[in-house]
Protein chains: 2
Amino acid sequence: MAQKSKNEIPKERLLDAAEALFAQKGYHAVTVRELTTAAQCNLAAVNYHFGNKKNLYVEVFRSRWVPRAQRLQESFRQYLAGQDPSSLGAVVRALAQAFLEGPLSDEERQRHAQLMTREMSQPTVAFDLVANQVMRPFIKELADRFRPFMPKELPEERLVLNIMSIIFMVIHFNFARAAVSQITGRKYNPPFKARLVEHIVQFSLKGVGMSEKEEYR
Amino acid sequence: MAQKSKNEIPKERLLDAAEALFAQKGYHAVTVRELTTAAQCNLAAVNYHFGNKKNLYVEVFRSRWVPRAQRLQESFRQYLAGQDPSSLGAVVRALAQAFLEGPLSDEERQRHAQLMTREMSQPTVAFDLVANQVMRPFIKELADRFRPFMPKELPEERLVLNIMSIIFMVIHFNFARAAVSQITGRKYNPPFKARLVEHIVQFSLKGVGMSEKEEYR
DNA sequence: GTCTATAGCAGGATAGAC
DNA sequence: GTCTATCCTGCTATAGAC
């Protein structure tokens with residue numbers, strides 16, 4: 001059910017439309033008229049439910065983006081649990097899979113990445129949510145999962161830089177699809193995504209200092 | 001001279017102001033009034049010189065962004081020429097240095113990265129310029145410089161993916177400064193930037209399959 | 001709770017004086 | 001080539017009917 005978000009209550013339809021439109025065009029490029037038209041409700045609905053356009057934007061992050069980010073993280077844990085033996089390669093692969101092939105539809109995943117990317121390069125009021133409720137804890141979790149595989153003397157900062165490099169790569173292959181397709185001449189279909197996952201795993205594993213073979217301990 | 005771009009002709013002042021403002025806030029968030037005020041010229045100047053706001057945006061890329069990208073590439077070649085022996089590490093280091101520490105001021109570099117990033121995630125009419133006049137030839141040049149160091153049997157696609165991964169990392173550490181600072185707790189001062197260059201070099205070298213030591217041939 | 005109608009204002013673009 | 005004044009469109013926000 002829920003074909004085009006037509007059957008829910010207006011407030012929910014607004015949030016759905018807002019997430020899609022803000023992700024697609026950015027905050028300023030979206031008008032309240034567009035939002036209310038897309039959500040099939042009245043022009044006044046944004047103000048009635050959220051006070052103003054900006055509050056709606058923040059609410060999109062609070063009620064849609066953050067929970068989805070948590071679902072993504074949960075998906076990562078499930079990919080990871082499904083893989084044995086537990087190795088660093090498994091961690092990176094689970095990460096790439098969750099982001100590139102995980103539980104989200106292609107459209108949803110693209111939306112998600114674009115909302116995040118905008119906040120990372122142009123922080124707004126929603127940046128705190130993104131950084132403190134999602135990025136920071138997730139990087140911490142990844143650091144904890146990486147640490148057993150890393151040399152004991154590796155400084156915490158280098159570990160964090162390694163993790164950020166990997167996450168950036170994943171994010172970038174996700175959100176810069178136009179550029180990647182333009183350069184490689186390939187569409188983001190399942191074979192190419194699987195190709196990218198493998199590339200990310202191989203590049204990252206070696207990047208942190210181990211090949212696929214020597215990662216086991 | 002040229003303190004605040006006050007001494008040039010109005011059309012040039014407009015282009016300067018436009019590049020700074022579009023990079024900082026994005027196309028839609030910038031108003032013609034803002035532009036003309038910042039450029040200290042009249043409201044009508046945008047229309048007089050460029051026809052409309054959109055043409056001005058494209059002209060920023062044509063007359064400012066593309067030449068600067070070419071300067072950056074030139075800077076990369078000079079960093080590279082200054083390093084001997086010629087090794088893959090030198091290529092990557094020159095790349096990271098050109099982007100993170102190169103000839104551009106911090107502000108200029110940030111502007112540059114943000115304009116590019118916007119076009120990569122949200123292609124507009126300027127995307128063709130970015131992709132075909134800058135990205136594609138530069139990736140080709142890098143591929144040519146990498147190839148001698150790579151295994152002969154390495155498929156072209158893997159080489160391109162490796163290069164994109166490295167460029168993405170560089171770009172990302174540049175444009176997601178807010179996020180990086182937030183997570184690492186460090187400001188983008190020279191020591192931290194030098195730190196990032198080293199990280200990128202090490203991670204990339206290993207990522208493509210060689211350590212700093214075994215890279216010579 | 002949702003809609004219609006509209007106030008009040010900011011945006012891009014233009015015409016015409018200088 | 002540059003400026004002033006202004007048009008028109010389209011936005012946010014609100015008041016009040018239903």
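- Toward the 5′ end of DNA chain C lies the nearest nucleotide of A:K11, the other residue of the pair A:K11 and B:T31 mapping further downstream.
- Every residue two or more places apart in sequence or in another chain that forms a side-chain contact (heavy atoms from CB on, under 4.5 Å) with B:P103 is listed here: B:L72, B:S75.
- Less than 4.0 Å separates DNA chain C from at least one heavy atom of each of the following residues of residues 45-65 of chain B: B:N47, B:N52, B:K53.
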Name the atoms and distances for all side-chain donor-acceptor pairs under 3.5 Å in residues 17-25 of chain A, with sequence neighbours left out.
| unit_1 | atom_1 | unit_2 | atom_2 | d |
| --- | --- | --- | --- | --- |
| A:E19 | OE1 | A:R68 | NH2 | 2.6 |
| A:E19 | OE2 | A:R68 | NH2 | 2.2 |
| A:K25 | NZ | A:E34 | OE2 | 2.4 |

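- Put simply, the side chain of A:E59 never gets that close to the backbone of A:L15: no donor and acceptor are under 3.5 Å apart.
- Under a cutoff of 6.0 Å and an axis angle of 45°, A:K53 and A:Y27 form a cation-pi pair.
- Distance, A:I9 CD1 to C:dG1 C1': 11 Å, rounded to whole Å.
- Judged purely by atom type and a 3.5 angstrom limit, B:H199 uses its side chain to pair as donor or acceptor with the backbone of A:L161.
- The cationic group of A:K11 does not satisfy the cation-pi geometry with A:Y48, failing either the under 6.0 Å distance to the six-membered ring centre or the 45° limit from the ring axis.
- Side chain of B:A44, nearest nucleotide from C:dT14, C:dG12, C:dT2: C:dT14.
- What separates CG of B:L43 from P of D:dC7 is a distance of 15 Å, to the nearest Å.
- Considering only side-chain atoms of B:R33, the nucleotide from D:dT4, C:dC3, D:dT6 that sits closest is D:dT6.
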